[in-house]
**Q** 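Please see the structure below; I have some questions.
Convention: sequence-line order gives letters A, B, ...; per-chain numbering from 1.
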Number of protein chains: 2
Amino acid sequence: MTVPKSHPRYQSLHIRERLVSGVASGIASQVGLIAHGRGEAFDYLIGERTTGSAMHATEAAVAMLASARNPVISVNGNVAALVPGEIVELGRILDAKIEINLFYRTEERVCTIANHLHEHGASEVFGEYPDPDSTLPLDHPRSLVCEEGIGSADVVLVPLEDGDRCQALVDMGKSVIAIDLNPLSRTAQTATITIVDNVVRTIPAMIKIARQMKDPPSDRLDEIVSQYDNRETLMAAIEEICGAYSEKSGEF
Amino acid sequence: MTVPKSHPRYQSLHIRERLVSGVASGIASQVGLIAHGRGEAFDYLIGERTTGSAMHATEAAVAMLASARNPVISVNGNVAALVPGEIVELGRILDAKIEINLFYRTEERVCTIANHLHEHGASEVFGEYPDPDSTLPLDHPRSLVCEEGIGSADVVLVPLEDGDRCQALVDMGKSVIAIDLNPLSRTAQTATITIVDNVVRTIPAMIKIARQMKDPPSDRLDEIVSQYDNRETLMAAIEEICGAYSEKSGEF
């Protein structure tokens with residue numbers, strides 16, 4: 001069924017439907033839908049916009065990826081359903097590998113997601129080929145990684161990650177960039193750079209910045225990264241949420 | 001997969017599984033899962049407990065239903081999946097009709113939900129029989145109502161309602177009781193009485209209160225209702241959420 005454009009929450013409902021059809025085609029999972037709903041609530045609290053601190057974190061993230069030796073973008077079901085073309089484009093500009101990593105992993109789902117990414121222009125999709133041949137220290141299918149991909153990556157972009165996987169990557173000495181709308185989540189608090197924003201706004205913003213940043217001297221990139229303070233970003237995000245919430249309450 | 005009772009989020013994960021199996025059996029919709037995720041986030045913010053102001057609103061809601069001429073409980077997919085027996089029991093105690101009203105309406109889904117409610121003891125289920133024979137002023141299948149049910153109701157309990165349907169009911173001069181974990185949502189702000197709580201806690205609480213309130217003099221019920229101030233309740237809920245959030249940020 002089509003949501004009428006007159007509906008006040010048309011945009012949000014439209015994104016939601018993209019995810020629901022992702023479940024129908026086997027890309028996203030039902031538990032992924034619930035996670036999306038949680039994200040919707042936090043996005044609502046932050047005012048459904050990119051805050052200044054989120055944009056600052058996004059710039060640092062792109063600089064970190066651009067100066068990485070082996071950057072990898074980790075893709076799960078929700079990311080593949082929401083921003084498939086954008087992920088492929090970002091990987092192309094930054095020369096970053098794309099690797100499928102799922103909480104609810106089946107070979108069939110990996111294959112469906114890989115095909116979906118190929119349809120959106122991806123040439124190589126790690127996790128499909130090569131197959132995972134290494135593991136993170138976690139008791140779960142999401143521990144499976146490719147040695148050539150996440151296994152040997154120095155920087156990993158993990159949009160919509162779960163907390164202990166993020167922790168495992170950091171413990172292995174990797175720099176982890178997370179996109180998470182809840183600045184108090186374990187993922188947000190563990191990542192090297194946390195972008196407190198909606199993935200449907202962040203990935204396009206990263207593409208834009210990556211294009212502008214193309215081939216700057218590497219010491220300029222290092223400077224952007226070294227000046228970045230994730231704790232400051234998280235504190236600002238928490239303040240934004242409290243502020244936006246108080247403002248909403250004020251209107252009432 | 002079974003979640004062990006020792007898991008710190010057992011209750012929340014257990015509820016989530018009830019909903020996922022509701023989708024499998026055709027009772028709940030996938031979009032309902034997303035809505036549930038949003039609720040989870042707000043419930044997390046409010047501390048996953050019934051606040052004093054929510055309990056106050058719940059008492060006023062039961063008094064309003066108990067003194068109504070034609071009270072109706074509107075049931076959607078999530079409500080049917082989460083608290084089917086409790087809804088039937090509440091309707092029985094309060095002599096309130098039960099009517100199925102769906103955002104994503106198909107005859108098959110109405111039938112599946114009605115059967116589910118019958119299995120939980122419901123005798124009559126409006127929307128199944130009689131069929132909807134009236135409409136609310138909305139451009140959507142959820143506008144379909146039964147004249148004998150919601151169409152002529154003076155008080156409607158709409159757990160987990162969407163904003164413009166709530167508005168339409170209020171515009172028709174009905175008293176609307178909403179259960180909504182976001183005190184700033186359009187539904188919460190539009191309803192006559194808003195219970196800012198999780199439906200799995202609210203409906204059992206309403207049953208308990210309804211049993212205690214059985215046959216009190218009607219002027220006592222009127223007094224409870226007339227003393228109730230929804231604006232005050234919403235302000236208290238907003239303060240609870242901000243307070244709980246500040247506390248969580250303080251730990252960080």
**Q** Please classify the contact of B/Val23 with chain A as side chain, backbone, both or neither, using a heavy-atom distance under 4.5 Å.
**A** side chain

**Q** Calculate, to the nearest 0.5 Å, the distance between atoms CD and NE2 belonging to A/Gln30 and B/His36 respectively.
**A**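 Between A/Gln30 CD and B/His36 NE2, I get 12.5 Å after rounding to 0.5 Å.
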
**Q** Determine whether more than 12 heavy atoms belonging to other residues, nucleotides or ligands lie under 6.0 Å from atom CD of B/Glu108.
**A**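 No - once you tally the heavy atoms of other residues, nucleotides and ligands closer than 6.0 Å, there are 12 at most.
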
**Q** How far does CZ of A/Arg38 sit from CD of B/Glu40, to the nearest 0.5 angstrom?
**A**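 Between A/Arg38 CZ and B/Glu40 CD, I get 5.0 Å after rounding to 0.5 Å.
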
**Q** Apply the test side chain to side chain contact (heavy atoms under 4.5 Å, CB included) to residues B/Phe42 and A/Tyr44: give CA-CA distance (whole Å), side-chain angles for both, the deciding distance (0.1 Å), then the verdict.
**A** CA-CA 11 Å; B/Phe42 282 106; A/Tyr44 162 89; 3.8 Å; yes

**Q** Under the side chain to side chain contact (heavy atoms under 4.5 Å, CB included) rule, what do B/Ile34 and A/Ile34 come out as? Steps first, then yes or no, please.
**A** CA-CA 5 Å; B/Ile34 299 180; A/Ile34 297 179; over 6 Å; no

**Q** What part of B/Leu45 is in contact with chain A, defined as an atom under 4.5 angstrom from a non-hydrogen atom: side chain, backbone, both or neither?
**A**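 When you check distances to chain A, only side chain atoms of B/Leu45 fall under 4.5 Å.
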
